[in-house]
Amino acid sequence: MADLETFRAEVRDWLAANYPASLNAPMSEDEAPWGGRKMVWKNPDAKLWLERMGARGWTAPTWPKDYGGGGLSAEEARVLSQELARIHARPALMSFGIWMLGPVLLEYATEDQKRRFLPPIVRGEIRWCQGYSEPGAGSDLASLQTRAEDRGDHFLINGQKVWTSYADQADWIFCLVRTDTTKKHEGISFVLFDMTSPGVEARPIKLISGSSPFCETFFDNVKVPKDQLVGKLNGGWEIAKRLLQYERQNISAGGFGGGAGLELEEVAKGYVGLRAGKLADADLRARIAAHKMDAKAFALTVRRAETESKAAKGPSPAVSIIKYAAASLNQAKHELMLEAMGTKGLGWDGEGFAPEEIRETRAWLRSKGNSIEGGTSEVNLNVIAKRVLGLLDHQ
Amino acid sequence: MADLETFRAEVRDWLAANYPASLNAPMSEDEAPWGGRKMVWKNPDAKLWLERMGARGWTAPTWPKDYGGGGLSAEEARVLSQELARIHARPALMSFGIWMLGPVLLEYATEDQKRRFLPPIVRGEIRWCQGYSEPGAGSDLASLQTRAEDRGDHFLINGQKVWTSYADQADWIFCLVRTDTTKKHEGISFVLFDMTSPGVEARPIKLISGSSPFCETFFDNVKVPKDQLVGKLNGGWEIAKRLLQYERQNISAGGFGGGAGLELEEVAKGYVGLRAGKLADADLRARIAAHKMDAKAFALTVRRAETESKAAKGPSPAVSIIKYAAASLNQAKHELMLEAMGTKGLGWDGEGFAPEEIRETRAWLRSKGNSIEGGTSEVNLNVIAKRVLGLLDHQ
Amino acid sequence: MSGLNEEQVMLRDAAKAWVDDKSPVAALRRLRDQGSQTGFDPAAWREMGEMGWTGVVIPEAYGGSEFGYRSLGLILEETGRTLTASPLLSTALIAASALNLGGTAAQKEAWLPKIAAAEIVAGLAVDEHPHHDPARTALAATREGDGFRLDGAKTFVAEGLAADLLIVAARTSGEPGEASGLTLFLVEGAADGLVRRRLQLIDSRGAADLAFTGVRVPAEAVLGEVDRGFDLLETVLDRARAGLAAEMIGTATQAFETTLDYLKNRTQFGQAIGAFQALQHRAAKMFTEIEMARSCVYAALDAIDANANDVRALASLAKAKACDTLHLVSNEMVQMHGGIGMTDAHDAGLYLKRARVAEALYGSASWHRDRYATLLGF
Amino acid sequence: MSGLNEEQVMLRDAAKAWVDDKSPVAALRRLRDQGSQTGFDPAAWREMGEMGWTGVVIPEAYGGSEFGYRSLGLILEETGRTLTASPLLSTALIAASALNLGGTAAQKEAWLPKIAAAEIVAGLAVDEHPHHDPARTALAATREGDGFRLDGAKTFVAEGLAADLLIVAARTSGEPGEASGLTLFLVEGAADGLVRRRLQLIDSRGAADLAFTGVRVPAEAVLGEVDRGFDLLETVLDRARAGLAAEMIGTATQAFETTLDYLKNRTQFGQAIGAFQALQHRAAKMFTEIEMARSCVYAALDAIDANANDVRALASLAKAKACDTLHLVSNEMVQMHGGIGMTDAHDAGLYLKRARVAEALYGSASWHRDRYATLLGF
């Protein structure tokens, strides 16, 4: 413990010296530090902050130093995260490379691959996207059809992905491809390639909320050198599933954000008004109270699942419900928010609506994806029923 | 139409002369006129009323006169029913024989069988029960195991039924038996036999509400003459299904009754109280209002389904939802009733509770069966999805 | 379908054919993408007039057919299916009802034939706050000479930008929150002192905020009686609610049918996803809700036609059930379509967006539940 | 399970072993069928005392172990699993809390050791109406000489028939509905003028209506301060609510597990019914609700032990979530068992009946939602 406190003191000193003061202002959405070649830094201090953190490997604190990571123990990483939270530091880097790809590379990649791909992830130099879903392969991911043909020293890739987050902003892609058409799960491989390779095209998809965080991504005779295959040929499904676990953990831990960051009951008080100290719409009040209770129950469950997982050195049963519950609750919150705002929640653009009203309306629309992306709620319920409750598959 | 009005006048005159005045008092539950050999008439006028109606065949108004029925047209039967309703007449007879068995006998039985079995049903002399469910065959009725072996001039029946309504009160049973063990649906036959036959035993099942309307029924080497087989050997499944349609229609049309007949909002006003003209519990008020709306929507749907079915000379799509919705709504009503009554809804017996409070509590418990009996809600939803919406079976 | 007479069957079939041909969902998408200010297509509106839809609740004496509200509901149900944007509800149902119910012979003569001919667009300006509440009207109508001057603001006025005629709820006495003291006025869209600002709503239809600054109207502009406008307003609004509910049931029905098609055709794990029992049960429950709500809508419209004494309760019932049903179905439409339902290119988002606007208009489900309970005395 | 210390793990495991061995559901059924007046088994109650359960929240100075509320919650959760009927909640949690929090040294000395030793049964008499509402207390406590006389009635008093000691909320000033003016009194079960009538509830446990006619108590019978009893009462009730919620979570968990077993073992259409996706999803949702409610219960008990400032809100949260969850699970238990679940011979009915009584006791979900919203300021 003495060592940890020494470490904490070091971190504090370092942060005091290195966290740029200009980053104390709230971060707007377009300042999200995704890094990569295409990043446009609105504030050069944010770039500096990434460079400083990246140099120490603290963007990936527990990864080995050999691969650019921080080499910290889990306890030290927790201290780092506490100290960052204490000063309300902005994230130095947001990265699918760190959240999803890195962990599976550490587990499945060759030594050469680790040395080649991990350090640029840590430093935020290369931004990754995820080539998983296809038009015909949503919840049934393993039915994917994107082909990779063996052409001796390289694979030739043809096909189409969809829901590729930020494919138009990413530098490289980790991608599931079919290398054997005679088998389903055992015919899938996991490959990495540069999005600037000839034959790659990413087209943003406009969503109902008006934003375009996802793309359709097309591969037309894309050549991928064989040393960019991770794991075994036709052994990609195992890697794919492991990566999905990391993705879900990431979604769960963060919950679903978005919206104008307003408290539901404050919004309701503002738009509906109080009568004798209670919301004037008694029906809405009862439903908001029930929702606030559910939200609190959820927060307490996330905390309990963490404590129990730590104590049991394995996931608490409560973990399995978190993605499903997080999606349901976030959607319920936005529906209530919209209802509370009345006609002020129905604006798309233009005059007559405050910016935070428009933002909330868009966030409500965006929230409809919560129960679809990263595993639909239906799939999550299947998983709870089968893996946690031990119910059988339908024959 | 002139004929109909003549008929209406005749009915009125006949009712004026024949409906016993003593039946104008409300009918208590133990006065339900089920008829049969074991019936104990609390009021001899109720017996007289059955005899008079039975003699005219008006207990089964549209059945042919040859079989004891009233021989009325559908229009005449409606007039009769209107006139009975006008004077708030008690039913002369409640009868599974009329509601379920009779219609399938008219369709599937031999001439001899019709002449033998239908008239005693019309006159309420023989009370029937339904031998369908078995301990291992609930929603999956066709998996029934009760065996009927061919012994030349008779079948020898062994097995067990369950949920036999009023088996301990009934005189005869219509019963599904297995006559071929090599096939599932095509191995079932439909037979009739006397409950006093040697080897038949009915044991009442006590329910959570404290009442025992159902029995376990055991058959130990029961001999059934072959002329009591209805329809073809191994052709009973078709008859069984047809009979279920009549049963569901009957449940649907009547809805689910029970309880002390109190209006939900009146009960709530009494036990919860008003504040400024609104129920003091605003949360409960909102839920009661939503329920009252659903109940009204249901009543309007039943009426619409009738009108549309009549106009289209075939069932309206709305018909399919009625059993499911009726069960859900009745259960919701009783839950709200219980909640509104607070601690007064939690009594089982004894002092401290009014008789109508106890009655309501028992009715709440009884209502839990609504979504199980006569086809579970799960089966009803399957049927809506498959037959009405055209969704496929899971492969 | 039944209980319909021959005219009604013809009207409905014609409406179905017309919307399929002339006004599929793509028509709304086109209006949206073209940035339409008024939120409807004038040519389509003219055709509605030519087909007689604009005169369905207007007496023959004023150029209408007087087929009634159930008939107009059938048309609205069909236009609701494809999200057809038009002033039909505001003009041919709401404004026509207000004039029919409260108008003098001169007022009827002046406006009803024009509505029946689809020569004008009309709208009802009632709300001033984010939540529907007619009694809360504050917009002041002050006597000035023989007439009145109007000062105040209205929000969320359907067709408010295009309207040639506005029916405006104003306060001639009493305090906001009181039912008494309200008066309805006929105000021309071009009136001096009236400033209209387009609202860009998520459903891409026409709506506006209105600002009244010393808008002068003559005594003849009063619709109904001074200070006693609340009952007339509620009677008009109940027709609006039932008509809107009819449109919403059409929207819910189509959203459901489109989803059902997807369940039958989309395969995952080697089967149509509609073979999965959890989705089947959800579909069956949606169907149940739709059929129940439909019964309420038809009953409300029939009650209006029969001038029954339970119109208030049935209108609230119809609107609340239509709201809850469309809310459920529009959410399930997106969810059951999965990712594709989240894209702007798919229609699901358009149904979702229209759903929430229609839910809020003329009283939310919550508001109508409260009203229903009050009408039932608890 | 975690966050538990060694003592807690031992307590929980011992409780689990004891209920399985000595107090399965059959024990409640036996009490019921024997027509037990008090609704519990005195021998089982003595054993609880011997195992130290009755002293878990009582200081060591008074014969307890002072392990705390989280620990007692663990025991209640286990007894809740098998519907164990006992005065544990009323006596060892509620009455002990009241004495701990409000008692003088003499009062504690007089009663806490007896509770710790399970020598007495105690109960809280608060409600007078069908719905929980402490502020509505009307039972009059009038000063008479050095003491008070009590006149009025209480209803739905858990263990009210067997209680040797009653903690009675009475009004010393003000009007029913007001929080101020309440005073708590310690009244012996054998007091003159107190008439107790057994209530036969659906859950077959001990409960009574109490009638007070000139019941005389000395000044020393006042628990806490005169006229200022409301805060103490609410503080005691919040412990009661959290403890009852712990029991309810145990009940819900067992009801769910019993149902899950049935889903795995009952076959229809050639499969275990638990293979049907619609039932799987409903089971997964129940599991989600149970886990969320469990978190609330543990948080409330931890907050009580930590003397945190959000006990009020967390107790309402725990009780409301436990109510909703047990309500859902008890209904699904019957439905998923089908016909067999409707029979008296099966346990489902016992869980259902206990569920509704526990839901009503010390505030329904509806009551706690209202309180929660008020605590959050909306």
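Both backbone and side-chain heavy atoms feed into the values below; hydrogens, waters and symmetry mates do not. Just so we're on the same page: letters track the sequence lines, and every chain starts at 1. Quantities reported herein were computed from a predicted structural model and do not represent experimental measurements.
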Give a yes or no on whether C:R197 atom CZ has more than 12 heavy-atom contacts from other residues, nucleotides or ligands under 6.0 Å away. yes
Tell me if a side-chain donor or acceptor on A:D140 pairs with a main-chain N or O of C:F269 at a distance below 3.5 Å. yes
I need the C:R354 CZ to A:L346 CG distance, nearest 0.5 Å. 10.5 Å
Looking only at C:Q277, C:R369, C:E359, C:Q268, most heavy-atom pairs under 4.5 Å shared with chain A are made by C:Q268
With a 4.5 angstrom heavy-atom cut-off, which part of A:D349 approaches chain C: side chain, backbone, both or neither? both
For chain A, which of C:N331, C:D133, C:D127 has the most heavy-atom pairs under 4.5 Å? C:N331
Any luck finding a side-chain donor-acceptor pair between C:Q335 and A:S371 under 3.5 Å? yes
If you count heavy atoms of other groups shown closer than 6.0 angstrom to CD of C:E175, is the number above 12? no
Which one of A:T376, A:L284, A:D281 has the most heavy-atom pairs closer than 4.5 Å to chain C? A:D281
Answer whether the closest heavy-atom distance between the side chains of A:E339 and C:S366 falls below 4.5 Å. yes
Name of the residue among A:I205, A:L365, A:I372 meeting side-chain contact (heavy atoms from CB on, under 4.5 Å) with C:M342: A:I372
Counting only N and O atoms by type, is there a donor-acceptor contact under 3.5 Å from the side chain of A:K344 to the main-chain atoms of C:H131? no
Let me know if A:T361 has heavy atoms under 4.5 Å from chain C in its side chain, its backbone, both or neither. side chain
Tell me, do C:L201 and A:F353 make a side-chain contact under 4.5 Å, heavy atoms counted? yes
Could you tell me whether the side chain of C:D203 reaches within less than 4.5 Å of the side chain of A:W348, counting heavy atoms only? no
Any donor-acceptor N/O pair, A:E351 side chain to C:R198 backbone, under 3.5 Å: no
Sequence neighbours left out, what passes side-chain hydrogen bond (donor to acceptor under 3.5 Å, both in side chains) with C:S86? Give chain and number order. none
Answer whether the closest heavy-atom distance between the side chains of C:L352 and A:K368 falls below 4.5 Å. yes
With a 4.5 Å limit on heavy-atom distance, are the side chains of C:W367 and A:D283 in contact? no
With only heavy atoms counted, which part of C:H129 is less than 4.5 Å from chain A, the side chain, the backbone, both or neither? backbone
Tell me the closest heavy-atom pair linking C:G349 and A:I208, and the distance in Å. CA-CG2, 3.5 Å
With a 4.5 Å cut-off on heavy-atom pairs, point out which of A:A282, A:P135, A:G136 contacts chain C the most. A:G136
Looking at C:R356 and A:E335, is any side-chain nitrogen of the basic one under 4.0 Å from a carboxylate oxygen of the acidic one? yes
Give me the atom names and distance for the closest heavy-atom approach of C:I202 to A:G347. CG2-O, 3.8 Å
In terms of heavy-atom proximity below 4.5 Å to chain C, should A:A142 be classed as side chain, backbone, both, or neither? neither
